There are 2 protein chains.
Amino acid sequence: MTADAKNKAQYKAQAKVLKALAHPSRLLIVNELSKRERCVCELAEMVGSEMPTVSRHLALLREAGIVADDKRGAQVFYRLKVPCVMNFFQCIAAVHKKNAQEATLIMG
Amino acid sequence: MTADAKNKAQYKAQAKVLKALAHPSRLLIVNELSKRERCVCELAEMVGSEMPTVSRHLALLREAGIVADDKRGAQVFYRLKVPCVMNFFQCIAAVHKKNAQEATLIMG
DNA sequence: TATCAAATTAGCTAAACCGCTAAATATGTC
DNA sequence: GACATATTTAGCGGTTTAGCTAATTTGATA
């Protein structure tokens with residue numbers, strides 16, 4: 001494989017992870033799972049969407065390798081597998097801070 | 001505004017930033033811009049897509065507040081506004097490392 | 001076994017995304 | 001002014017995403 005193709009594949013893989021995170025409901029889920037594990041029904045309640053919808057969000061996060069699931073009885077508990085994604089929030093906050101600063105500068 | 005609505009808006013804003021990053025071509029662009037500023041035509045060459053396509057990718061990144069543009073003559077130069085996004089890659093690599101480890105464990 | 005609850009899967013529609021080509025806009029040069 | 005280059009905007013087709021409801025699967029319980 002050429003270095004170019006290798007990089008392209010790498011970017012694609014990275015994009016998949018970011019894409020999995022790039023949804024308001026999934027961010028809420030990840031944030032909750034950073035505190036403690038939760039079953040699907042609890043997360044559905046928190047998100048405020050139907051369970052099938054949340055189940056699909058979780059499947060996406062699982063496929064991306066961000067969360068792991070653990071079936072116990074009739075319930076499936078999800079947990080955050082890669083806590084470092086929580087660091088993203090700080091950087092993203094910086095993005096908005098910078099934008100707000102500029103807006104202030106422009107407005108006077 | 002309720003705390004709930006506030007959080008919801010926050011998640012939406014964060015999702016927008018992540019979504020802007022969640023594309024192979026845009027990751028390549030961000031990576032290049034982390035080294036130095038580049039005009040659209042240079043980036044189009046690197047990405048290997050048509051200029052209009054790359055221009056739209058850049059517009060998306062600009063709207064998300066990740067890059068800034070600077071018109072000089074007939075050319076428009078883009079630069080990375082928030083270098084901390086580069087830290088994401090390390091974490092994403094950890095995601096894949098963890099997945100690979102598990103695959104190895106399962107395979108024996 | 002019959003039934004209930006939790007979760008996933010399937011199937012549908014509406015909306016968003018991505019790449020292209022063509023057209024419009026803006027700048028520099030002859 | 002005419003023309004070439006750099007960039008953006010518009011518009012089109014194909015693909016993906018997101019939510020819902022309905023149906024299916026799985027485990028617990030009467």
Side-chain angles (χ1 to χ4, degrees), chain A residues 4-5 8-9 11-30 32-33 36-80, chain B residues 8-9 11-30 32-33 36-80:
Chain A
D4 232 42
K8 212 170 174 179
Y11 286 130
K12 199 175 167 185
Q14 291 173 346
K16 189 182 171 184
V17 175
L18 288 169
K19 209 159 149 185
L21 289 170
H23 189 286
S25 300
R26 293 196 290 269
L27 286 178
L28 189 156
I29 289 169
V30 165
E32 290 301 329
L33 295 184
R36 61 174 163 287
E37 67 169 16
R38 293 285 195 184
C39 67
V40 183
C41 56
E42 284 176 318
L43 292 169
E45 174 71 25
M46 293 175 181
V47 169
S49 297
E50 297 300 321
M51 209 189 304
T53 300
V54 172
S55 176
R56 288 186 61 131
H57 282 312
L58 288 164
L60 239 160
L61 288 168
R62 180 174 6 95
E63 280 160 31
I66 298 166
V67 306
D69 62 328
D70 180 18
K71 184 159 194 171
R72 292 207 287 277
Q75 289 175 313
V76 178
F77 289 87
Y78 282 85
R79 62 182 173 79
L80 187 57
Chain B
K8 210 169 173 178
Y11 286 128
K12 198 174 167 185
Q14 291 173 347
K16 189 182 171 184
V17 175
L18 289 169
K19 207 160 150 184
L21 288 170
H23 189 285
S25 300
R26 293 196 287 270
L27 287 178
L28 188 157
I29 289 170
V30 165
E32 290 301 328
L33 294 184
R36 60 174 164 288
E37 66 169 18
R38 293 286 194 183
C39 67
V40 183
C41 55
E42 283 176 318
L43 293 169
E45 173 72 25
M46 292 173 180
V47 170
S49 297
E50 296 300 320
M51 210 187 305
T53 300
V54 172
S55 176
R56 290 187 61 134
H57 282 312
L58 287 164
L60 240 160
L61 288 169
R62 178 171 10 92
E63 281 160 31
I66 298 166
V67 305
D69 61 328
D70 180 18
K71 183 158 193 170
R72 293 206 288 277
Q75 288 175 313
V76 179
F77 288 87
Y78 282 85
R79 64 184 171 78
L80 186 58

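In this text, all values refer to a predicted model and were calculated from it rather than measured experimentally. So that the names make sense, note that chain A is the first sequence line, chain B the second, and so on, each numbered from 1.
Listed by chain and residue number, B/Lys35 satisfy the side chain to side chain donor-acceptor pair (under 3.5 Å) test with B/Glu32 (two or more places apart in sequence, or in another chain). In terms of the side chain to side chain donor-acceptor pair (under 3.5 Å) criterion, residue partners of A/Glu42 (sequence neighbours excluded) are, by chain and number, A/Arg38.
Among residue pairs with one or both ends in residues 43-56 of chain A, none qualify as side-chain hydrogen bond (donor to acceptor under 3.5 Å, both in side chains); sequence neighbours excluded.
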Could you write out each protein N or O paired with an N or O of nucleotides 6-8 of chain C at a distance under 3.5 Å?
unit_1 : atom_1 : unit_2  : atom_2 : d
C/dA7  : OP1    : A/Val40 : N      : 3.3
C/dA7  : OP1    : A/Val76 : N      : 2.9
C/dA7  : OP1    : A/Val76 : O      : 3.4
C/dA7  : OP2    : A/Cys41 : N      : 2.8
C/dT8  : OP1    : A/Tyr78 : OH     : 2.8
C/dT8  : OP2    : A/Ser55 : OG     : 2.6
C/dT8  : O5'    : A/Ser55 : OG     : 3.3

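Against DNA chain D, the stretch residues 16-29 of chain B makes no heavy-atom approach under 4.0 Å.
Comparing B/Lys71 and B/Glu50 against DNA chain C, the residue whose closest nucleotide sits nearer the 5' end is B/Glu50. A residue-by-residue look at A/Leu60 and A/Gly73 shows that A/Leu60 has its nearest nucleotide of DNA chain D further toward the 5' end.
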Identify every side-chain donor-acceptor pair in residues 21-30 of chain A under 3.5 Å, counting partners at least two apart or on other chains, and give the distances.
unit_1  : atom_1 : unit_2  : atom_2 : d
A/His23 : ND1    : A/Ser25 : N      : 3.0
A/Arg26 : NE     : A/Ala20 : O      : 2.5
A/Arg26 : NH1    : A/His57 : ND1    : 2.9
A/Arg26 : NH2    : A/Lys19 : O      : 3.3

Quiz: residues 69-80 of chain B side-chain donor-acceptor pairs under 3.5 angstrom, not counting sequence neighbours:
unit_1  : atom_1 : unit_2  : atom_2 : d
B/Asp70 : OD2    : B/Arg72 : NH1    : 2.6
B/Arg72 : NH2    : B/Glu37 : OE2    : 2.5
B/Tyr78 : OH     : B/Arg62 : NH2    : 3.2

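Running 5' to 3' along DNA chain D, contacts with non-hydrogen atoms of chain B at under 4.0 Å begin and end at D/dA6 to D/dG11.
Distance check, rounded to the nearest 0.5 Å: CE of A/Met51 to CG of A/Leu58 gives 11.0 Å.
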